[in-house]
Amino acid sequence: MIFQEECKDSSTFARTGTLNLNGIQIPTPVFMPVGTRGTIKALDSEDIDELEFDLILANTYHLYLRPGEEVLNQFGGLKKFSSYNRALLTDSGGFQVFSLGSLFKFERDGVTFKSHIDGSSHFFSPEKVIDLQRMIGSDVMMVLDDCPPGNADTKRIKESLERTHRWAEASVNYWEKRKNSQNLFGIFQGGINLELRLESLSFLNSLPFSGIAIGGLSVGEPRPDFVRIMEGIAPNTDKKRPLYLMGVGTVPDILDGVRNGVDMFDCVLPTRNARNGQVFTSTGKLNLRNEKWKLSDAPLDSECSCKVCKRYSVGYLRHLHHVGELTAFSLSTYHNLHFMKNFMKELRLSIQDGKFAEFSSKWKNLYERSEISR
């Protein structure tokens, strides 16, 4: 087992634990920054070491297309190629393929697609994406699954379950033939249909995956449906394995996920928002492009200990964004990821101290109120 539960909240499914990925001990709940193409945009591996992120995410689809198999094989995997020496999780690339619209087609044993770069034809199968992730050298590999859109009807969701379950079995069988130190996580689907969600969860729980992931949420469904599904599946998850909520990273959504037993999160939101001039603070979100910050000599966040807040003013950072300087992206991204790292640390402490409800209420009020940036 790669997961050890440690503390449980008395009134919810929130918990802390430790994820052991090849000797790297990762406290949970954990947020994983997204380094889609082998880098977290605007930062380098030294920044990630400095921020002390022990687990980041990369994407198989994008790495397969560029730099490609030849380069990754030559360098001995992504970690050596990018000079990153901590833990790595790779998505299978299925979600990216299915986002190509008319450029992909389902097959019995996988999916054919055309590259968004040059239109060349390719094929992903459950076995192929495991081979690619073995080559990349990730500590956690994700299975190929079928993630239907948020507005999918029941017929389409049932089709996705049949395909996802068939591919999950094929993935497990192939992985177990040549097991190494890499872990494989399964993904269950079901849209916002709770009955189908539970059916899919039950099937995935029956297979010997290292961990289980929730796929196909936060893909455009109304937020009340997101919460309803999370609450419906929480009592039925396998508490001995880590639970991963894919692609979710707002403060309110993380809190709802943790309340319902989620241990792992990833999202592009902190880095993407940073590049657009939106930063996270202890008093809510702040929009650096607002004219009101032009003359401010205050730090982004007086309670933040990151090197950006220690050195630079809001007025200066606003100027960098206003004139389009590249430094604006790196400084804002660094701050946002520092915020996320510290937020998750405080969240874990709140569970350990029996104060999760109070912590959750405080941060939800701050971030639901500041959806329109200051």
Side-chain angles (χ1 to χ4, degrees), residues 32-41 55-69 71-72 77-78 81-82 88-107 109-152 156-157 159-160 163-164 166-168 170-171 182 184-189 191 213-221 244-249 264-273 275:
M32 298 176 283
V34 176
T36 300
R37 295 178 174 89
T39 182
I40 295 170
K41 290 184 187 297
L55 178 60
I56 64 174
L57 179 146
N59 183 263
T60 301
Y61 167 82
H62 288 287
L63 293 172
Y64 163 71
L65 293 178
R66 292 184 300 194
E69 295 175 80
V71 171
L72 289 167
L78 181 61
F81 187 45
S82 64
L88 177 68
L89 181 149
T90 42
D91 196 354
S92 69
F95 182 83
Q96 286 67 35
V97 168
F98 305 146
S99 300
L100 295 172
S102 61
L103 297 180
F104 85 90
K105 180 184 177 182
F106 285 120
E107 308 288 352
D109 299 321
V111 57
T112 55
F113 62 95
K114 292 184 178 179
S115 164
H116 71 285
I117 300 167
D118 59 11
S120 55
S121 295
H122 303 271
F123 176 72
F124 273 1
S125 67
E127 297 83 2
K128 173 71 172 179
V129 298
I130 289 177
D131 283 339
L132 290 172
Q133 290 176 92
R134 281 172 169 161
M135 174 191 65
I136 291 168
S138 46
D139 298 279
V140 175
M141 307 182 291
M142 303 303 300
V143 297
L144 185 66
D145 67 319
D146 174 10
C147 178
N151 61 355
R156 174 68 181 88
I157 296 173
E159 288 174 358
S160 82
R163 189 174 288 119
T164 291
R166 176 160 38 87
W167 289 352
S171 298
Q182 293 173 285
L184 185 67
F185 278 33
I187 305 171
F188 71 97
Q189 294 289 344
I214 306 166
L217 281 182
S218 196
V219 291
E221 77 280 352
Y244 169 25
L245 178 54
M246 304 181 74
V248 169
M264 303 166 65
F265 301 86
D266 83 277
C267 193
V268 299
L269 189 71
T271 51
R272 179 180 291 167
N273 282 22
R275 299 193 301 276

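Under the 30°/60° scheme for interplanar angles, the aromatic rings of Phe124 and Tyr61 are found to stand perpendicular. Using bins of under 30°, 30° to 60° and over 60° for the plane-to-plane angle, the ring pair His116/His62 lands in the perpendicular bin.
Interatomic distance, CG of Leu57 versus OG1 of Thr36, reported as 7.0 Å (0.5 Å rounding). One finds the OG atom of Ser138 at 10.5 Å from the CG atom of Leu55 (value rounded to the nearest 0.5 Å). The SG atom of Cys147 sits 8.5 Å away from atom CD1 of Ile187, with the distance rounded to the nearest 0.5 Å.
Every salt bridge (Lys or Arg N to Asp or Glu O under 4.0 Å) that Arg166 has, sequence neighbours left out, goes to Glu162. Residues meeting the side-chain contact (heavy atoms from CB on, under 4.5 Å) test with Ser160, sequence neighbours left out: Asp146, Pro148, Arg156, Ile157, Gln189. With sequence neighbours excluded, the residues forming a side-chain contact (heavy atoms from CB on, under 4.5 Å) with Ser115 are Leu65, Ile117, Asp118, Ser120, His122, listed by chain and number. Remark: Leu103 pairs with Leu100, Lys114 by the side-chain contact (heavy atoms from CB on, under 4.5 Å) rule, at least two apart or across chains. Residues passing the side-chain contact (heavy atoms from CB on, under 4.5 Å) test with Lys41, sequence neighbours excluded: Arg37, Arg275.
Side-chain N or O atoms of Thr90 include none that pairs as donor or acceptor with a backbone N or O of Ala58 at under 3.5 Å. One N or O on the side chain of Asp266 and one on the backbone of Gly247 form a donor-acceptor pair closer than 3.5 Å. Using modelled atom types, one side-chain atom of Gln133 and one backbone atom of Met142 make a donor-acceptor pair closer than 3.5 Å.
Within 6.0 Å of atom CZ in Arg272, 12 or fewer heavy atoms from other residues, nucleotides or ligands are found, so the atom counts as exposed in its surroundings.
Counting only heavy atoms from C-beta outward, the side chains of Ile56 and Leu88 approach each other to under 4.5 Å. A heavy-atom distance below 4.5 Å is found between the side chains of Ser171 and Ile130. Met246 has its side chain within reach of Asp91: a pair of non-hydrogen atoms, C-beta onward, lies under 4.5 Å apart.
Here the closest heavy-atom approach between residue Met32 and residue Tyr244 is recorded as CE-CE1, 3.4 Å. Contact detail for Thr112 and Phe123: the closest heavy-atom pair is CG2-CD1, 3.6 Å.
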N/O donor to acceptor pairs below 3.5 angstrom from side-chain atoms of residues 213-221, sequence neighbours left out:
| residue | atom | partner | partner atom | Å |
| --- | --- | --- | --- | --- |
| Glu221 | OE1 | Ser218 | N | 3.1 |
| Glu221 | OE1 | Val219 | N | 3.0 |
| Glu221 | OE2 | Ser218 | N | 2.6 |

